[in-house]
Number of protein chains: 2
Amino acid sequence: MDLDDRKKKILLAIIKTYLDTGEPVGSRTISKIDGLSLSSATIRNEMADLVDMGYILQPHTSAGRIPSDKGYRFYVDQLMAEKEQEIVERERETDEMKDMLIEKADKMERLLKQVAKSLSVNTNYAAMISAPQYHMNRLKFIQLSRMEQNRIVAVIVVEGNMIKNQIIDVEEPIDDETLLKLNMLLNTTLNGMAIEDINLSIIARMKQQAGEQAGIIAEVIDAVAESIKADEDLEIYTSGANNIFKYPELADNQKASEIITAFEEKKQLTDLVYETLSHSDEHGIQVYIGEESPVPNMKDCSVVTATYELDEGIHGTIGIIGPKRMDYDKVLSTIKKLTNELDSMFKKG
Amino acid sequence: MDLDDRKKKILLAIIKTYLDTGEPVGSRTISKIDGLSLSSATIRNEMADLVDMGYILQPHTSAGRIPSDKGYRFYVDQLMAEKEQEIVERERETDEMKDMLIEKADKMERLLKQVAKSLSVNTNYAAMISAPQYHMNRLKFIQLSRMEQNRIVAVIVVEGNMIKNQIIDVEEPIDDETLLKLNMLLNTTLNGMAIEDINLSIIARMKQQAGEQAGIIAEVIDAVAESIKADEDLEIYTSGANNIFKYPELADNQKASEIITAFEEKKQLTDLVYETLSHSDEHGIQVYIGEESPVPNMKDCSVVTATYELDEGIHGTIGIIGPKRMDYDKVLSTIKKLTNELDSMFKKG
DNA sequence: TGTTAGCACTCTAGCGAGTCGAGTGCTAAC
DNA sequence: GTTAGCACTCGACTCGCTAGAGTGCTAACA
């Protein structure tokens, strides 16, 4: 059987209506609202076909139909295609969200929290945003300073001006001169390098160059490596989890608990972020419907994700989590606008 | 009317039973389990009195009784008095929680998250912990390093080894010598000072000492002050919010949403922390029952909080949020153990 | 005078029958 | 191929009933 033009129209009508009302939609409803001017009986016949083809479901014999995951998928693909068009055609207009974002975003963390908040408030769904992934990132600056006798603090700045700190306890006291030398060594060797490229041979070379301070430099470099790695569990900020209670189909005990759990244990969101990043073809917006989601706990939701770019090769992920019958249209535009906003922001400052 | 000994016993029996079962308890139940050997009729008479006195409630005529907030309060006060005794009598025993905590707690943030997690897992309630309040804290170390031409990074370490960073953009380039001088000046002047004590006169004096670099030092100090102040919104880590779904009386839509919201918008928890800190007489454990809670959204819960001490005058707050019929006994011991654990940990390392 | 047995009463939870109405599937006519 | 019509299905809701837990009150008892 084929998904001919009329079937498509009917399917879209069903889905749109269901997005609005959240209730199974019957043949009469469609026959009325639709521009097709077909009787309910005809619609019924078509609907029966659509059920056979798996695009819609019938909760029970005498209820209307609701979209299946496959149905949603069809709808979203349709929508995304349109969006693509739209984006090309229209100039990016200024956006009220922007002001809100800029306002007090002097620190990355605060900015991200604000973005998450803004997203959840604007959409009425739950939102998340991951801090940019520094995986591919370059070291910009390393500085060791003595804090106490046997204790130095390492400050590591990576591209994008994210700062990491690490306190290092050393066996024997370090004198000023050694510290200076070490700083020189670290900076000349490592500056501009991608973190991933710092391999054993480079470390070995540095140890060699450190000469008699090889012991100390080993300690320091280990600590620095540790610190860089330690932060690998990426930060994720969430907001608006309570929004799920606005949607009856998610608000039941079992499901709500699952979703909240996913939000709390950032681990699950981390998977989502990696999945998104790995699939992203520059600003690729991804829509996961129900079981498609990389996060099992969100099998009753739809998840829309997008990638933003902080700097060459430094990406982060934005996500919106809501019911399957979310307002995809709105969510897609919102998220698209936002990523654009972020990108242009980062490129400037 | 007076709360005589027998009434007390009956009241306690009612509350304990209710904590176990979560269901209204009738007179027959009490007459059986209790060591009082009274008939259900007598119990009924007493119960009627207890209702009059406001210690218990009757959901409807033919149901058993459940504790009122006042009843819980009586119970908790009783319990706390006993605890006080216990703690004095018994030596602090080693605790399996300790191992779990120490394990990988090389960073404060990670430690706190772990504590929260450990608490929520151990108790089956929701848990929160606030980062220590640095309000009263002393500066331990300041270091400015040049990162780029016109950009320096300030590293500020406060007692307890919390590190803060701030990137400072300066108008005109700073040379090495000036930077060294500034570092000296900052450290000699500010080290060991409580952050609160850094007032205008001290800053003025520093500017004077800086001589021709007064302009730069103003910038720097402003930035440092900014950075210290900026972090004043205290960090709060939460865990186990999903636990509330385990308790039917909290799991309904409305209430769950409120609680989750409180957990998400850390603002509300912040209030709780301040309230707790202001009332704390060293390790004071606080129990807020229902409406007593400083957080309106938690009016259907009980909240148990305690204060831990990281260092002289540096306090943080631990909290457990659960249903009113929480296992106060267990929660109180757990939280007491934990604060002790934290204290001894911090005093060592 | 405090305690207890007994009994009528109250109220909820749960069950089953009955009804309503939305929606279907099928057939026959257009 | 489309539509009108009609019997049928099935969940949601209502109503009445019952069982059972628990109460409050009274009267008897120690």
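A, B, ... follow the sequence lines: proteins, then strands. Residue 1 opens every chain. Because the structure is predicted, anything quoted here is derived from the model rather than measured.
- Shown here, dG23(C) forms a base pair with dC8(D); the pair counts as Watson-Crick or G-U wobble because both key distances fall under 3.5 Å.
- Looking at E292(A) and R73(A), a side-chain N of the basic residue comes within less than 4.0 Å of a carboxylate O on the acidic one, giving a salt bridge.
- The interatomic distance linking I66(A) (CD1) with dT24(C) (P) rounds to 13 Å, in whole Å.
- Test V303(A), I321(A), V304(A) against Y288(A) for side chain to side chain contact (heavy atoms under 4.5 Å, CB included) and you get one pass: V303(A).
- Regarding D52(B), its CG atom lies at a distance of 13 Å from the C1' atom of dG24(D), rounded to whole Å.
- Straight-line distance from the CG atom of L50(A) to the P atom of dG23(C): 17 Å, rounded to whole Å.
- Contact annotation: the side chain of S257(A) never approaches that of I260(A) to less than 4.5 Å [non-hydrogen atoms, C-beta and beyond].
- Between the side chain of R28(A) and the base of dG21(C) there is no donor-acceptor pair of N/O atoms closer than 3.5 Å.
- Judged by closest nucleotide on DNA chain C, R6(B) is the one of H60(B) and R6(B) placed further toward the 5' end.
- We find that CD1 of I56(A) is positioned 13 Å from C1' of dG23(C), with the value rounded to whole Å.
- Under the Watson-Crick or G-U wobble criterion, with both distances below 3.5 Å, dG16(C) is paired with dC15(D).
- Taking atom CG of N45(B) as the reference point, atom C1' of dG6(C) lies 14 Å away to the nearest angstrom.
- Atom-to-atom, CD of E23(A) to C1' of dG11(D) comes out at 13 Å; the value is rounded to the nearest Å.
- Of the candidate nucleotides dA4(D), dT4(C), dT23(D), dT23(D) has the atom lying nearest to any side-chain atom of R44(B).
- When all heavy atoms of A116(B) and Y237(B) are compared, the pair lying nearest together is CB-O, 4.1 Å.
- In this structure dA29(C) sits in a base pair with dT2(D), meeting the Watson-Crick or G-U test at under 3.5 Å.
- Of the candidate nucleotides dT3(D), dT4(C), dC11(C), dC11(C) has the atom nearest to the side chain of S62(B).
- When heavy atoms are screened at a 4.0 angstrom cut-off, S27(B) is found touching the sugar-phosphate backbone but no base atom.
- Between the CD atom of E46(B) and the C1' atom of dT1(C) there is a distance of 14 Å, given to the nearest Å.
- Across dC10(D), dT23(D), dT10(C), the shortest atom-to-atom separation from the side chain of Q58(B) is found for dT23(D).
- Listed nucleotides dT3(D), dT4(C), dT23(D) differ in distance to M47(B); the shortest reach to its side chain belongs to dT23(D).
- Within 4.0 Å (heavy atoms only), T61(B) reaches sugar-phosphate atoms of the nucleic acid but no base atom.
- Ring-plane geometry between F74(A) and Y55(A) is classed as perpendicular, the angle between the planes exceeding 60 degrees on a 0 to 90 degree scale with a lower cut at 30.
- Salt bridge K324(B)/E249(B): absent, no basic N to carboxylate O contact under 4.0 Å.
- Counting atom types as modelled, R65(B) pairs no side-chain N or O with a base atom of dG24(D) as donor and acceptor under 3.5 Å.
- Here dT3(C) is the nucleotide among dT24(C), dT3(C), dA4(D) with the atom lying nearest to any side-chain atom of T42(B).
- Protein atom CG of L38(B) is 15 Å distant from nucleotide atom C1' of dA5(C), rounded to whole Å.
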